[in-house]
Each structure stands twice: as C-alpha cells, then as structure tokens.
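Just dropping this structure here.
Every heavy atom of this structure was used, including side-chain atoms; hydrogens, water molecules and symmetry mates were not.
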Number of protein chains: 2
Amino acid sequence: MKILIIEDQQELVKNMVRYLNTESYLCEVAPDCETARRKIESFEYDCILLDVTLPDGNGLTLLNELKKDNKTDGVIIISAKNSIYDRIEGLNLGADDYLVKPFHLSELNARISAVIRRRKFSGQKLMTLNELTIDLPGKVVFIYKKKLDLTRKEYDLLLFFVSNKNKVVSKNSIAEHLSGSDMDVFDNLDFIYTHIKNLKRKLTQAGGSDNIKSVYGMGYKFEV
Amino acid sequence: MKILIIEDQQELVKNMVRYLNTESYLCEVAPDCETARRKIESFEYDCILLDVTLPDGNGLTLLNELKKDNKTDGVIIISAKNSIYDRIEGLNLGADDYLVKPFHLSELNARISAVIRRRKFSGQKLMTLNELTIDLPGKVVFIYKKKLDLTRKEYDLLLFFVSNKNKVVSKNSIAEHLSGSDMDVFDNLDFIYTHIKNLKRKLTQAGGSDNIKSVYGMGYKFEV
DNA sequence: ATGTCGGCATGAAGATCCTCATTATAGAAG
DNA sequence: CTTCTATAATGAGGATCTTCATGCCGACAT
C-alpha cells in the first residue's frame, strides 16, 4: 500500500516513514504543495496524509483543488492547530479523517488502515475468498486456517490481486504498485515474475488453489 | 486481559478503547456508577479505570463500596483534579494507582500493565525458574543463591520477560514497559539493546544459562 | 564521584529483493 | 503440423536493506 506524506517537518516525517515502513507501507514524501501536486497527478496513492501548514501554501487549499478532481478520497488531514474550523473545513472538503498533532504513531496507523479498509474493502476487517482469508488489520493471510508467511511484497501483491479480482491487471500496474520509488518507467519488469512465482508457490504449498492466471500479452488475472 | 473503563466522557472513552484495543486489551465501558456496579458484580476484570467525577455520583464512593468487598485490587483512579486529597483518599481506599487528566494514552497503558503485573505476582513473593530466583518484594534476583546486582531497568526487563516467559514480546512493548512513558513516540529503540545486552551478560556471568533469545523481526523470547 | 541510562557507530547476521541465465509455453506465421 | 518469436516460469546468486549485537561515550541523577 502506498502512502503520500505531505509534510515539511523533517524530523516528524522521518519518524512517520520509519514507523509506517515497519507496518509494511510504502511511503513517499512531499515537503510542499508543489511537489504534492506533481506526485498526485502522476500516481494514485492508497492514502494521503496532508499537513495543513505547508511552506508554500495551506493544505486545505490543496485539498480544495483535489476535490475538483474528485481525488480527496483517502486523505487524512493533519493539523497542529486543534481548530474546529480546520477540522470541519477539512472534512467538508472531502477528507476521510483528521488527526491533531501531536499524535501517536499507533493512532496514525490505525486511521490509515481504517481509511484503506473503507476505500478498498468497504470497511471489512476480514476478507474471505474460498479457502483464502485475509486479516487486513493484522496483515496476515490464512489458507484453511493455516497462516502464510508472506513477505511484504508478496502480501501487497496478493492484496492488489484480490482488490482487482477477476480483472486483468497489467504487469506495469503491478510494478507501480510494488515499487517504492516513483519511477515512471521500468526498464525491467522481471522482478514481478519472481514475486508472482513465490506467491503462487506459497499459496499452493499451503493447499490453496492457484488463482493467479497469466493472460498472455496482457498481464495477470486473479480468478475467484 | 479485560479492562473496565468507568468514564462518561465519550470522546475520551473512544480514544482509550481504540488505543487499548491495539494493545490487545479487551475493554468494557461503564458510563456511570450504576452500570459499573452491575458489571463488576458479574465479572472480574484484570484492571479497572475509575473516573472520580461521574454523572450519578463520586467515583470514590464507588471505590469505597468496592473496598468493602475487597475488590479494589487493580483499580486505577482517574481524576481531572490534581487534588492531593483525591489522590490520598483514592490510594487509602485501596486503589492501585492514580492518573491525572489529561494523560497520555501510552502512560495509561504503562500503568495498566504495571498494575496487572503487580497483581499477577501478588500471590507469590518468591519466584523460581530453574537456577533463577526472584525475590519480588525485595526486588532482588539470585542465580544459584548468588545475588545479582541488577539496575532498575534490568530488573524490570527481567520481570517482564519472566511474566511473558515462552512468549515473544515485541521491542515496542519492551520499550513501553521500560520507559516512564512520557514519550509520545519511540524514535529510537536502541536503548533496549543495551539493557538486554547487560542483562544477558549479568545472567550468564553469574553462571546462569542465556534464556533470552532474539526472534528475528519479532522481538525477544524468554525460554524456560 | 559513581552508577545508570540512552544514543551512536560499527559490524555481523538475516531476510528480502532483484537481476540474470535458462527453460517452458503461447500464439503467430509459414 | 512445424517453426519461430514473444512472453512467461523457474532457479540460482548476489546486491541491498533490515535487524541485532557489542562497545563506547556523554548526559544526568544520586
């Protein structure tokens, strides 16, 4: 899952990134509105953390721009001020949640996963597809009650498949989802093969069926 | 572990429950004395958080009732007033600890686990695990009758390990136990390494076996 | 002064990830 | 049907990143 952190306080950002990395999120940082705009244009994030006070403008202004493009989904406002005005304004502009500085990282984490759950999995905490069970808050996958030991990429990949089940996803979109950095072009998509192979192996070795079908020349489809 | 929260401020309760849930406590809420009485009668909680100001009476009155039934064990008083009277009164009535609003959730957590820890060991004064002997009231540790010279943190750490023996404890939970927990966020968990290293050294140098095993990426486990 | 504590630097150990070379397969073309 | 080419699967190994161990030192309190 990819998160954009729009925040200029370096120290805070450092802590957030470290913590969220341990929670298996891929983070990108935009220290100002300008960078944020550029990144949001070129990529779709699962969750956006938006600080209100930024060096080159107000975060709520940025949020307002996003609203026009219907891109406010998944935005969590972060503000140092405990101002009711900011809160209401932010939520009115379509933000999903609101966090007041200083906050606990565990609370941040809880809100992020809540937002993502709401967006992608209609609020469900547990997702079941035949023999497959995914515990979203716990980030654990089971097959027939048996816990799978997946790496971060494998988990991300599986989640990406599940949230696009029965649809063909291109290798490029998979690559974008899995890669941490925001490269536009991938000179080499081979690393996908490895992750798909490993995921398939772990799924089948645990007794599951192989739902990941390759669609020649198109990409892959998770059939269920 | 089950916790009863006797508190009428909904917003606060919501935050406490959410936080304590992430700490894998099970929470029940009583918004007034009446509900609290009923719940305490029908169930035994590992810890009770008791607000002093409640809509239908004073929390200390409730505590007094509990004292008559010897049920004050594990009670943490919560008060908005920083009143010495309340504090002394509460502790006199048998409360285990006292917390002044507003407080950090991490501090609340630390105190709850402290109370639970205290209660867990309350029956025994001496705890023996193979060559290891812990004199709980005296806070002294022996290996083969040989007294270990542990610092406070080292002792706390050992106790935490012992009370979670054969279970993996995360570094985060260790950090929360060891710290006075005024910190919002642990930007650095390295101090744990030092204490673990020193504890291990003291244990082995005294002739004990090294029971503290690291579980890569998970934390540590005290095997016995 | 002394002991305790926590941060930092370094290096080892471990896990993860990606590249690459090779083999297998699908679809197109002859 | 056979051949050819593009695409996909697989296995091995090294690069990279994370986590952990250890020693050292300054800060702080007793």
- [ ] Specify the separation, in whole Å, of atom CG of A/D149 and atom C1' of C/dG14.
- [x] 13 Å
Task: Between C/dC17 (C1') and A/I192 (CD1): distance, integer Å - done: 13 Å
TODO: Anything under 30° is parallel, anything over 60° is perpendicular, the rest tilted; go ahead and classify A/F222 against A/F161.
DONE: parallel
Task: Sugar-phosphate only, base, or nothing, as touched by A/T194 at under 4.0 Å among non-hydrogen atoms - done: base
Open item on the list: Just to be sure I understand the rule, does B/K171 reach a base, reach only the sugar-phosphate, or reach nothing, if contact means heavy atoms closer than 4.0 Å?
Closed with: sugar-phosphate
Open item on the list: Between A/E154 and A/K202, does any NZ, NE, NH1 or NH2 come within less than 4.0 Å of an OD or OE carboxylate oxygen?
Closed with: yes
Open item on the list: Of all nucleotides in DNA chain D that come within under 4.0 Å of a heavy atom of chain A, which is furthest toward the 5' end and which toward the 3' end?
Closed with: D/dA6 to D/dG11
Open item on the list: Using a 6.0 Å distance limit plus a 45 degree cone around the ring axis, check whether A/K2 lies over the aromatic ring of A/Y25.
Closed with: no
- [ ] Rounded to the nearest angstrom, tell me the gap between atom OH in B/Y193 and atom C1' in C/dA13.
- [x] 12 Å
Task: Pairing residues for B/N15 by the side chain to side chain donor-acceptor pair (under 3.5 Å) criterion, not counting sequence neighbours - done: B/R18
Open item on the list: What I want to check is whether the side chains of A/Y45 and A/K39 have a donor and an acceptor closer together than 3.5 Å.
Closed with: no
Open item on the list: Distance check needed: C/dT16 P versus A/K153 NZ, whole Å only.
Closed with: 13 Å
Open item on the list: If you assign A/I212 and A/N21 each to the DNA chain D nucleotide with the nearest heavy atom, which residue ends up on the more 5' nucleotide?
Closed with: A/I212
TODO: Rounded off to whole Å, could you give me the CZ-to-C1' distance for the B/F191 and C/dG6 pair?
DONE: 8 Å
TODO: Starting from the first five and the last five pairs of the helix from C/dA1-D/dT30 to C/dG30-D/dC1, work out the angle between the resulting helix axes, to 10 degrees.
DONE: 30°
Open item on the list: When you measure from the side chain of A/S42 to the backbone of A/R38, do you find a donor-acceptor pair of N or O atoms at a distance under 3.5 Å?
Closed with: yes
TODO: Please list, by residue number, the residues of residues 195-203 of chain A whose heavy atoms come closer than 4.0 Å to an atom of DNA chain D; answer none if no residue qualifies.
DONE: A/K197, A/K200
- [ ] Start with the C-alpha gap between A/L49 and A/I112, add the side-chain angles, then the distance that decides, and say whether side-chain contact (heavy atoms from CB on, under 4.5 Å) holds.
- [x] CA-CA 9 Å; A/L49 309 177; A/I112 288 174; 4.1 Å; yes
- [ ] Nearest whole angstrom, please: distance from the P of C/dC18 to the CD of A/E154.
- [x] 11 Å
Task: Heavy atoms of other groups near A/K145 NZ, more than 12 under 6.0 Å - done: no
Task: Heavy-atom neighbours of A/N166 CG exceed 12 at 6.0 Å - done: yes
Open item on the list: Let me spell it out: for each of A/R152 and A/Y216, pick the nucleotide of DNA chain C with the closest heavy atom. Which residue's pick is nearer the 5' end?
Closed with: A/R152
Task: Residues B/E223 and B/K165 bridged, charged N to O under 4.0 Å - done: no
Task: Distance in angstrom units between A/D190 CG and C/dT23 P, rounded - done: 17 Å
Task: Summary of ring-ring contact (aromatic ring centres under 6.0 Å, His included) pairs that have at least one residue in residues 124-160 of chain A, sequence neighbours excluded - done: A/F160-A/H177
- [ ] Please collect all side-chain hydrogen bond (donor to acceptor under 3.5 Å, both in side chains) contacts where either partner lies in residues 115-130 of chain A, sequence neighbours excluded, each pair once.
- [x] A/D46-A/K120, A/D73-A/R119
Open item on the list: Below the 4.0 Å mark, does C/dC5 have OP1 or OP2 next to a side-chain nitrogen or oxygen of B/T151?
Closed with: yes
- [ ] Round to a whole Å and report the spacing from CG of A/L157 to C1' of C/dT16.
- [x] 15 Å
